[in-house]
Amino acid sequence: MKAAIVTIGDEILIGQIVDTNSSYIAKALDKIGIATHEMLSISDDKQHILDTFNLLQNKVNVVIVTGGLGPTKDDITKKTFCDYFEDTLVENEAVLIHVKSIIEGIYKRPITQINREQALVPTKAKVLFNQAGTAPGMWMEKENTVFISLPGVPYEMKYLVDNEVIPNLVKKFERPYIVHQTIMTYGRGESMIAEQIEEWEDDLPDFIKLAYLPSPGKVRLRLTARGTNEELLKNEIKQQVEKLDLLIHDIIVGYNEDEAIEVVLGRLLTEKKVTISTVESCTGGKIAATLSAVPGASNYFKGSIVSYATQTKINVLGIANEAVAKYGVVSEEVATEMAKAAQKIMASDYAIATTGNAGPTKGDESAELGTVFIAIATPNGVFVEEFNFGQPREKVIDRAVSKALELIYKEILKK
């Protein structure tokens, strides 16, 4: 089964807003065995919408459209649906009652003609009742394709997808099973992993596909199995993951796409009953922000010092002037002292320190652009590793954060 997702709105095309609706819908469809064949973003133009519908007609089983269902004049989706399906708009009494209850009951103001028009729907449409807003969703069918129109407001779209769209699609279509398993890896590049697991990948059954999803410092390996026997798919995926683990167990940190390394690390810190702190220069507090974003982080994360300026390293952390003058702030020696200071000040079991030259200019530093020292203070001492993450600046910072989390994770695993 194939689906297409169409977002309508000039605000998306000019980059004013980011389209998060498509990813939410695609994930929801994937869970019920419907593969998203393509995603399109198109303008608020009647002919453009009609051309898109004609293009997708009978090419996919389902077309889900978001946007253009509001009360203003530029919201033209309903009228365009009528043109495409040779239909007319009529007032839906149930929707009108709902609109009035929101406008008059919640917003405490009289309903206007524009508000009433929210209750207009094509006569051939199945109304998808929107408890989260005033604009209803619409379900219409033509030949071999179902067309579904949803509001563009994310929380309204999500409500309708979860409570109306997915249940109705499950009832209408017989679908294959799709089973995913994501393996999270840190510290090794995509090409190196591919070389290491080449033989295993070549031996995968035809119904299982492998995707490499790289990002700075980490690679997600996603296995996808499709078929009619869900139990067989799950068992085969499980066996393949076990084989993969034998090959790259040293870089695997988790098996859930939703569990980033900071989540896995947090669970490990909790299990080991140890605490952590950070002191950051070139990463500017990004490691601390990543750690503290995890619910329950207060159980193990003591805090952070962002010692961005050299004088802050001296005044707050107590780094000796002589060490800074002799080695420079981007050095193994200063990184070591920073980690020790954070460990002492925060009274934590472990501490991460970063100091580097992220760029874009070299400045007064002797260290090359992209150079980062990461120090890890442990109950038994401090170790430091030097890296060069190249350029641009954003890449250096992101890779430094990922590498720091990888190093501390591997260190705590030893405990």
Under 3.5 Å, is there a donor-acceptor pair between the side chain of Glu280 and the main chain of Gly285? yes
Residue pairs passing the ring-ring contact (aromatic ring centres under 6.0 Å, His included) test where at least one lies in residues 385-408, sequence neighbours excluded: Phe387-Phe389
Minimum side-chain heavy-atom gap Pro136-Asn92 below 4.5 Å: no
Side chain of Trp139, backbone of Val165: donor and acceptor closer than 3.5 Å? no
Indicate yes or no: at least one non-hydrogen side-chain atom of Leu56 is less than 4.5 angstrom from one of Val6. yes
Under the rule for side chain to side chain donor-acceptor pair (under 3.5 Å), what residues qualify as partners of Thr336, not counting sequence neighbours? none
CG-SG distance between Asn357 and Cys282, expressed to the nearest 0.5 angstrom: 9.0 Å
What's the separation between atom CE in Met1 and atom CD1 in Ile34, rounded to the nearest 0.5 Å? 4.0 Å
When you look at Gln47 and Asp51, which way does the side chain to side chain donor-acceptor pair (under 3.5 Å) test go after all the steps? CA-CA 6 Å; Gln47 192 57 50; Asp51 290 344; 2.9 Å; yes
Can you tell me how far apart CG (Leu317) and CD1 (Ile345) are? Round to the nearest 0.5 Å. 5.5 Å
Of Glu190, Arg222, Glu201, Arg220, which meets side chain to side chain donor-acceptor pair (under 3.5 Å) against Tyr212? Glu201
Results of side chain to side chain donor-acceptor pair (under 3.5 Å) for Tyr24 - residues two or more places apart only: Asp162
Validation row: Val330, Phe373 side chains within 4.5 angstrom (heavy atoms): yes
Lys2 backbone acceptor or donor facing Asn61 side chain under 3.5 Å: yes
Measure from the side-chain N and O atoms of Gln391 to the backbone N and O of Ala358, and report whether any donor-acceptor pair falls under 3.5 Å. yes
Test of understanding: with ring pair (Phe, Tyr, Trp, His ring centres under 6.0 Å), list the residues that count as partners of Phe129, not counting sequence neighbours. His98
Using atom types as modelled and distance alone, determine if a side-chain donor or acceptor of Gln196 lies under 3.5 Å from a backbone N or O of Leu247. yes
Mind running side chain to side chain contact (heavy atoms under 4.5 Å, CB included) on Ile376 and Ile374 for me, showing each step along the way? CA-CA 7 Å; Ile376 305 293; Ile374 301 175; 4.3 Å; yes
Apply side chain to side chain donor-acceptor pair (under 3.5 Å) to Thr275 and list each qualifying residue two or more places apart in sequence or on a separate chain. Asp349
More than 12 heavy atoms of other groups within 6.0 Å of Lys100 NZ: no
Within the distance-only criterion (no hydrogens, no angle test), does the side chain of Lys78 pair as donor or acceptor with the backbone N or O of Leu120 below 3.5 angstrom? yes
So, the side chain of Asn388 versus the backbone of Leu369: is there a donor-acceptor pair under 3.5 Å, distance only? yes
Hey, are the side chains of Asn130 and Pro151 touching, using non-hydrogen atoms and a 4.5 Å cut-off? yes
Just by distance, do the side chain of Thr145 and the backbone of Asn58 share a donor-acceptor pair under 3.5 Å? yes
In Å, rounded to the nearest 0.5 Å, how long is the span from OG1 of Thr378 to CD1 of Ile276? 11.5 Å
Greater than 12 external heavy atoms within 6.0 Å of Arg175's CZ: yes
Mind listing the closest non-hydrogen atom pair of Ala342 and Ala351 along with its distance? CB-CB, 4.0 Å
Let me see the working for Ile197 and Leu210 under side chain to side chain contact (heavy atoms under 4.5 Å, CB included), right down to the final yes or no. CA-CA 11 Å; Ile197 66 174; Leu210 173 67; 4.1 Å; yes
What residue pairs, at least two apart or across chains, pass ring-ring contact (aromatic ring centres under 6.0 Å, His included) with a residue in residues 30-65? Phe53-Phe81, Phe53-Tyr84, Phe53-Phe147
Non-hydrogen side-chain atoms of Tyr177 and Asn229 separated by less than 4.5 Å: no
Using the side chain to side chain contact (heavy atoms under 4.5 Å, CB included) rule, pick out the option among Val65, Ile8, Ile42, Asp45 that qualifies with Thr52. Ile42
With heavy-atom distances below 4.5 Å as the criterion, would you say the side chains of Ile248 and Leu221 are in contact? yes
Quick one: does Arg393's side chain have a donor or acceptor within less than 3.5 Å of a partner on Gly359's backbone? yes
Distance-only donor-acceptor check, side chains Ser149 and Thr77, under 3.5 Å: no
Least distance between heavy atoms, Met346 atom then Ile305 atom: CE-CG1, 3.6 Å
Per side chain to side chain contact (heavy atoms under 4.5 Å, CB included), Val253 is matched among Met184, Lys410, Lys218, Glu406 by Met184
Output, in order, the C-alpha distance, side-chain angles, deciding distance and verdict of side chain to side chain contact (heavy atoms under 4.5 Å, CB included) for Asp202 and Glu199. CA-CA 5 Å; Asp202 289 341; Glu199 187 175 337; 5.6 Å; no
Any donor-acceptor pair under 3.5 Å linking the side chain of Lys313 with the backbone of Tyr308? yes
Would you indicate whether Lys272, at its atom NZ, is surrounded by more than 12 heavy atoms from other residues, nucleotides or ligands within a distance under 6.0 Å? yes
Say you draw a straight line from OG1 of Thr66 to CG of Asn21; how long is it, rounded to the nearest 0.5 Å? 4.5 Å
Applying side chain to side chain contact (heavy atoms under 4.5 Å, CB included), run through Ile261 and Ser402 and close with a yes or a no. CA-CA 8 Å; Ile261 191 170; Ser402 292; over 6 Å; no
Rounded to the nearest 0.5 Å, what separation is found between the CG atom of Asn168 and the NZ atom of Lys172? 10.0 Å
Heavy-atom count around Glu242 CD within 6.0 Å, excluding the residue itself: above 12? yes
Could you go step by step and tell me if Thr290 and Glu262 meet the side chain to side chain donor-acceptor pair (under 3.5 Å) rule? CA-CA 7 Å; Thr290 302; Glu262 60 269 21; 5.7 Å; no
What is the minimum heavy-atom distance between Gln343 and Ala377, and which atoms define it? OE1-CB, 3.6 Å
Set out, in order, the CA-CA distance, both residues' side-chain angles and the distance that settles salt bridge (charged side-chain N to carboxylate O under 4.0 Å, His left out) for Glu38 and Lys59, then state yes or no. CA-CA 11 Å; Glu38 59 185 304; Lys59 181 180 177 182; 3.1 Å; yes
Given side chains that start at C-beta, do those of Leu96 and Arg116 come closer than 4.5 Å, heavy atoms only? yes
Is it the case that over 12 heavy atoms from other parts of the model lie below 6.0 angstrom from the CD atom of Gln113? yes
Apply the test side chain to side chain donor-acceptor pair (under 3.5 Å) to residues Asn115 and Thr112: give CA-CA distance (whole Å), side-chain angles for both, the deciding distance (0.1 Å), then the verdict. CA-CA 5 Å; Asn115 297 139; Thr112 65; 2.9 Å; yes
Non-hydrogen side-chain atoms of Tyr350 and Ile352 separated by less than 4.5 Å: no
